[in-house]
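Okay, structure first, notes after.
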Amino acid sequence: MHYLKSTIKAEPLIWRWYAWPYLISPATAACNIVGRHLKIMQSYVQNPKIHAQAVEDPKMLGGPFIDLEGEKVNEIKDLIEDTKKNCQALIALCDALRELDKMLLNEAKGGSLEALYDRVPTMLRGMVELVYDLNSHPSIRLIEPFLYNTYYDTSHQEIALGNITGDFRKFVYSTPRINQSDEIYLKIPFSDKRLDSLFRHKYEPCELKSVIKLFNITAPEQKLFESFFTTIEPRRNNNNYQEKGVRVRYFGHACILIETDCVSILFDPVISYEINNDISRYSFSDLPDHIDYVVITHSHLDHVMFETLLQLRHKTRHIVFPSNQNGGLADPSLKLILQHIGFTSLLNLNELERVEFKDGEILTLPFFGEHCDLNIQSKLSYCVNIKGKKFMLAADSNNLSEPLYEHIFNFTGPIDMLFLGMECEGAPLTWTYGPLLINPLSRAFDQSRTLSGSDSNKAWSIVEKLKCKYAYVYAMGQEPWLNHVMALNYSPDSPQIIESNKFVAKCLAAGIESERLFGKKEWVIDYCE
Ligand SMILES: [Fe+2]
Ligand SMILES: [Fe+2]
């Protein structure tokens, strides 16, 4: 009998690019194909040497440069042609969205919008409502389910399987995948149920022959595919917590597992493969057999990591996530995204709603900032009230308005343990949202509207207002198994490190237990009646 090795990475790709939420929703996918993928690839073909030099420069980390040593010009030329052919409808959809937006900006000056419906580009007709806000600023409301119905196509989704021996992986958002001889590409939709059985075989033994048949692995690929399996039983680590208290495990970044003997809740899953080096970590083997609630704080790619989510889908009972600002291009529905990658039992929540279970509840709370002042509502922080203890998962909340936490306190009372991201100097707007912009933003505005979290003063104010007993900095992207998605390279002089050090020192001086989390940590909180 065989098991899938714990070192096998499973990267979801679409059109050969590492998949993230904005590549699922058709409107945002359309804009990213045109404004990111094609742009980067065309620039590489024109000047591969500049790309090769830029990826060597630490200051350019995470920039729009293809990391293929400047040597794959023909392959990228072919991929440009494939993209133009395979994504024809989406490329036209991007043009239609831009055309409609420009028409509205020029024509909608406060008068009736009715006459403009006849001028909506054909491919968007019946899928958009034209609206004003109360200041007569026009905008488009997309009926997203119609867009999925017409433009969503899974035929270019695939899972790249390969063995990894260390944490280092190249940054994936600027470089498409060119076939590698040490990888196998399963050409199946992300929602395909066969993936659940594959990932189940990390812990449940299988007949190798039947897995080979299930995925139609061809004869030349068989040897490599077989090498992804082992006869050695996987390690387990006290997986299903059965004591009376509450066990909390930090898996790295914003991934926190809270367990009691009757419920397990996993936040923002990003889980390391089993790599043996000097950084100890939890891995897939440290999770319970079933996760009652997988909880997503917001739709940034380091918090909705498809690569981990797909590997956990078979053991997830419910997935909890924030509702979006219905119809806005920059805020696609997480519900539709998660549904289309195969999740069921979706719990779509607004602020100050509750999910109740035997030992307590999850209360949803407002999450301000970190989204470049765009009207993006798919973001929540959470308070888990469990066995009389309160845990607040604030993700990348930027404390833009201190009184917010006075209002929150009225709903939560004192918080026992706070987890807060402090990436206080985040990337500019264009890094994530650039391809969605209709008109370019000036550099000054772009630099002023960032994906920034709280600095030390803002973070301290949260601790004071919520009367926290423990306050941990998390979600800093520092674990090396995040480097392929985060592109961060902090030094002791980086503002994010200086500010989080200051915050930790201030907490400790006030008798509040605090640290900047890294790698792994476990807390067991005894139950008291
Ligand atoms: Fe974020
Ligand atoms: Fe984040």
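One-based numbering, in listed order, for ligands and for the atoms of each.
Looking only at N/O/S atoms, Asp302 comes nearest to the Fe ion (ligand 2) through OD2.
Lys520 forms a cation-pi arrangement with Tyr282, by the criterion of a distance under 6.0 Å to the ring centre and an angle within 45° of the ring axis.
Taking 2.8 Å as the threshold, Asp396 counts as a candidate ligand of the Fe ion (ligand 1), since one of its N, O or S atoms lies below it. For the Fe ion (ligand 1), the N/O/S atoms of His303 include none lying under 2.8 Å.
To the nearest 10 degrees, the angle centred on the Fe ion (ligand 1) between OE2 in Glu370 and ND1 in His300 reads 100°.
In plain terms, the two heavy atoms of Leu23 and Tyr18 that are nearest each other are CD1-O, 3.7 Å.
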Any chance you could lay out the side-chain contact (heavy atoms from CB on, under 4.5 Å) test for Cys87 and Trp15, step after step, and finish with the verdict? CA-CA 8 Å; Cys87 304; Trp15 311 296; 3.5 Å; yes
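Aromatic ring centroids of Trp523 and Tyr472 lie under 6.0 Å apart.
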